[in-house]
Novice: 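The following block contains the structure, expressed as structure tokens.
The analysis underlying the following values was restricted to heavy atoms, covering all of them including side chains, and did not include hydrogens, waters or symmetry mates.
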Amino acid sequence: MRTRVCGWRWQRNPLRRHSDVVEAWAVLVVAVLLFVVAPLVGVAAGLRAHSQAGALAAAARASRHEVRAQVIGDPPRRVSAVEGDRQNPYRAQVRWTEPGKVTRTAWTRVPAGTRTGDTVSVWFDAQGRPVAPPPDDTAVWQHSVTIGVCAAGGTAAVVLFGHAVERRIALRHRMAEWEREWAETGPRWTQPRT
């Protein structure tokens with residue numbers, strides 16, 4: 001004869017303790033929080049990050065302009081790791097002609113493998129300083145997905161930590177409950193029989 005064990009904490013049973021019912025409800029709440037709320041928090045955070053990053057990228061595109069410039073002078077030199085970036089690790093002098101036929105030169109970062117005489121894309125801000133290119137749609141989506149995953153993971157970590165604290169408290173209450181019950185029944189079991 002088989003006994004039904006699944007869902008035993010929900011069924012009426014003389015051996016079921018109050019702590020069993022609390023633990024069953026806690027497991028249900030944790031499951032809902034992990035599988036429904038945490039993903040929703042991640043999606044909401046990702047969408048908010050996407051709209052903010054998209055707005056910042058649009059503002060960067062509006063405040064910067066791109067020119068095609070020719071590398072001049074000495075071959076590009078490698079920038080130190082402290083001031084360099086991964087996409088453009090070399091620094092070189094470039095020259096370009098502005099729409100008013102004025103020729104300008106500046107030092108800027110160029111991609112690896114660039115040689116003297118090559119044409120590169122250079123971005124400048126409104127003051128004419130060389131700046132990094134504005135983030136593209138891929139960078140915006142990467143930022144959004146990263147924020148969403150981190151928010152969902154953080155929510156899940158908080159839920160699991162709360163569940164661990166609840167389990168520890170429930171265990172302490174269960175042990176106290178057993179101590180009280182043993183104090184009542186223990187003397188009957190431990191007295192010598194005559």
Side-chain angles (χ1 to χ4, degrees), residues 1-64 81-89 111-112 123 131-194:
M1 185 168 140
R2 293 183 60 191
T3 0
R4 194 169 151 208
V5 176
C6 183
W8 68 272
R9 291 180 176 157
W10 299 99
Q11 300 168 358
R12 291 268 177 222
N13 184 337
L15 298 177
R16 183 185 71 176
R17 299 175 305 259
H18 177 69
S19 60
D20 295 332
V21 175
V22 169
E23 192 171 340
W25 278 104
V27 168
L28 180 67
V29 168
V30 166
V32 168
L33 289 174
L34 283 179
F35 296 115
V36 177
V37 175
L40 288 177
V41 167
V43 167
L47 290 175
R48 181 169 170 85
H50 185 268
S51 66
Q52 288 178 344
L56 287 174
R61 276 187 230 108
S63 68
R64 301 173 186 179
V82 174
E83 59 179 290
D85 63 12
R86 289 186 194 124
Q87 291 178 337
N88 299 321
W123 288 85
V131 293
D136 58 354
D137 288 338
T138 304
V140 170
W141 275 106
Q142 286 174 344
H143 173 74
S144 305
V145 169
T146 301
I147 294 296
V149 167
C150 288
T155 303
V158 168
V159 167
L160 291 174
F161 178 74
H163 182 61
V165 168
E166 180 274 330
R167 295 268 316 211
R168 189 170 192 95
I169 291 170
L171 179 64
R172 193 176 308 150
H173 283 284
R174 188 177 306 126
M175 291 299 160
E177 191 176 349
W178 284 354
E179 284 294 327
R180 280 191 307 269
E181 291 175 4
W182 182 251
E184 291 175 13
T185 59
R188 283 186 273 164
W189 286 71
T190 56
Q191 287 182 355
R193 297 186 188 243
T194 54

Novice: Under 6.0 Å from the CH2 atom of Trp141, do we count more than 12 heavy atoms belonging to anything else shown?
Specialist: no

Novice: Kindly give the heavy-atom pair with the smallest separation between Pro187 and Trp182, and that separation in Å.
Specialist: CD-O, 3.9 Å

Novice: Shortest non-hydrogen contact from Glu23 to Glu166?
Specialist: CA-OE2, 4.4 Å

Novice: Which distance, rounded to the nearest 0.5 Å, do you find between the CG of Leu33 and the CG of Leu40?
Specialist: 11.0 Å

Novice: If we only count heavy atoms from C-beta on, is the His143 to Val140 side-chain gap below 4.5 Å?
Specialist: no

Novice: Nearest 0.5 Å, please: how far is CG in Leu34 from CG in Leu160?
Specialist: 5.0 Å

Novice: Can you name the one residue among Val27, Val22, Val21 that meets side-chain contact (heavy atoms from CB on, under 4.5 Å) with Trp25?
Specialist: Val21

Novice: How close do Ala151 and Ala45 get, counting heavy atoms only, and between which atoms?
Specialist: CB-CB, 3.5 Å

Novice: If you round to the nearest 0.5 Å, how far is CD of Glu177 from CD of Glu181?
Specialist: 5.0 Å

Novice: Pair up each side-chain donor or acceptor in residues 49-62 with any protein partner under 3.5 Å, not counting sequence neighbours, and list the distances.
Specialist:
{"residue": "Ser51", "atom": "OG", "partner": "Arg48", "partner atom": "O", "Å": "2.9"}
{"residue": "Arg61", "atom": "NH2", "partner": "Pro135", "partner atom": "O", "Å": "3.4"}

Novice: Answer whether the closest heavy-atom distance between the side chains of Val159 and Val29 falls below 4.5 Å.
Specialist: no

